[in-house]
Amino acid sequence: MSKDTPTKTANGRRRQTNLVRGGQIRSQFDEISEAMFLSSSYAYDSAEQAQRAFKGEEDHYLYSRYGNPTVSVFEERMAMMDQAKICQSTASGMGAVFASLACLLKAGDRLVASKALFGSCDYVCTVLMPQYGVEVETIMSTDTAAWEKALSKPTNAVFLESPSNPTMQLFDIAAIADLAHKAGARLIIDNVFATPVFQQPLDLGADIVMYSTTKHIDGQGRTLGGAIVTNDEAYYQDHLRMFIRHTGPTLSPFNAWVLSKSLETLDLRVRQQSSNASALAAFLSDQPKVTKVIFPGLESHPQYALAQKQMTGPGTVLAFEVDGDQARTFKFMNALELIDISNNLGDAKSMVTHPTTTTHQRVSADERAALGINENLVRLSVGLEDIDDLKEDIEHALSA
Ligand SMILES: *Cc1c(COP(=O)(O)O)cnc(C)c1O
């Protein structure tokens with residue numbers, strides 16, 4: 001993996017310090033833990049002050065659909081994580097995906113999107129965007145040449161996820177960023193699987209990065225949330241800011257508070273989960289009843305070299321194939337006693353999913369086959385349990 005050296009950020013502190021303290025504001029009570037401002041609206045000293053605030057002549061919160069102090073703390077901390085100038089939070093990851101595209105694209109524009117996407121992202125790109133008159137081309141291949149061909153025409157936005165869900169395909173972000181820019185497009189990366197701990201797409205040339213904070217950033221299964229990070233001032237000022245203000249996919253202050261506290265431990269959790277995932281990937285590779293293991297940290301991954309180049313760690317999610325059909329695969333999943341069957345990921349609790357019948361059920365059988373989503377494929381999101389308990393649970397369930 002490429003080297004991850006914590007360098008000082010714009011405020012003179014290193015990333016981990018900013019994750020613990022970034023953006024903090026203290027009230028008159030000097031609290032250590034961030035205060036929570038559950039307030040939808042704000043009072044003005046005078047009618048004149050309200051007038052100045054609305055004209056933008058005086059900094060004052062107006063209404064929590066536009067901004068809230070607790071939400072601002074989270075956004076500032078989150079921006080620091082990706083060393084970005086701007087973070088806009090949303091009520092869910094899908095709120096972030098939809099807002100990132102819908103604020104920008106209009107009828108007649110062109111979007112190039114990866115086919116290897118989270119089911120709901122695929123719906124936004126291939127069903128909703130065409131409904132608004134956006135021309136959409138989807139790319140099945142991880143080969144940069146296929147992207148070069150699609151981006152030989154003027155384009156407005158490119159959307160992709162790397163590593164992809166659930167088959168862990170990687171895309172060369174730096175190369176595709178170059179191609180996108182030559183075509184006049186902004187590159188938007190769904191960085192959920194990689195996490196901001198292991199991949200910094202803005203440094204690789206992407207323009208916009210989005211997260212489902214529901215996953216690793218919360219990491220303890222409590223809240224839904226999303227975030228869009230960027231250094232593109234024009235994108236924010238001319239498109240995103242107004243879209244969010246006037247359409248309302250706003251993050252609640254309560255969830256923002258939970259997420260700010262979660263950022264304090266994000267790096268620790270993700271590194272430990274990733275270390276457990278690496279150990280399980282090696283363990284699964286040795287199991288006679290497992291025919292294939294897909295994990296960016298394994299040398300057998302078809303894009304191991306790219307993973308080494310653009311990521312600083314392999315992530316916390318892996319996929320593997322059980323020797324047998326769907327019935328055999330279900331038998332394995334049902335025999336697990338510790339690991340939960342759930343479609344979430346990034347959590348402290350380990351979870352397995354059967355993508356064919358759940359998250360990717362909407363995708364056609366042909367497309368699933370092309371993406372390598374087979375009936376015996378299991379996705380495993382590795383949590384923080386003791387590694388030996390995880391191994392024992394899997395070993396026992398495989399012999400069921
Ligand atoms: C979960 C997820 C989303 C959507 O996030 P929500 O918070 O569930 O709305 C988008 N992209 C990826 C890769 C995801 O895993």
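Every number for a ligand or one of its atoms is a count from 1 in the order of the listing. Every heavy atom of this structure was used, including side-chain atoms; hydrogens, water molecules and symmetry mates were not.
- Note that CG of L101 is 12.5 Å distant from NE2 of H239, once rounded to the nearest 0.5 Å.
- By the 4.5 Å heavy-atom criterion applied to side chains, F159 and V124 are not counted as neighbours.
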Practice problem: Given ring-ring contact (aromatic ring centres under 6.0 Å, His included), test H354 with F330 step by step and report yes or no. | Solution: CA-CA 8 Å; H354 186 248; F330 274 21; 4.9 Å; yes

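- Closer than 4.0 angstrom to ligand 1 sit non-hydrogen atoms from S92, G93, M94, F118, C121, E161, D190, V192, F193, S212, T214, K215, G225, L345.
- Once rounded to the nearest 0.5 Å, the distance linking OG1 of T167 with CG of L377 reads 7.5 Å.
- Relative orientation of the Y63 and Y66 rings is perpendicular, given thresholds of 30° and 60° on the angle between their planes.
- How far CG of N11 is from CZ of R21: 12.0 Å, rounded to the nearest 0.5 Å.
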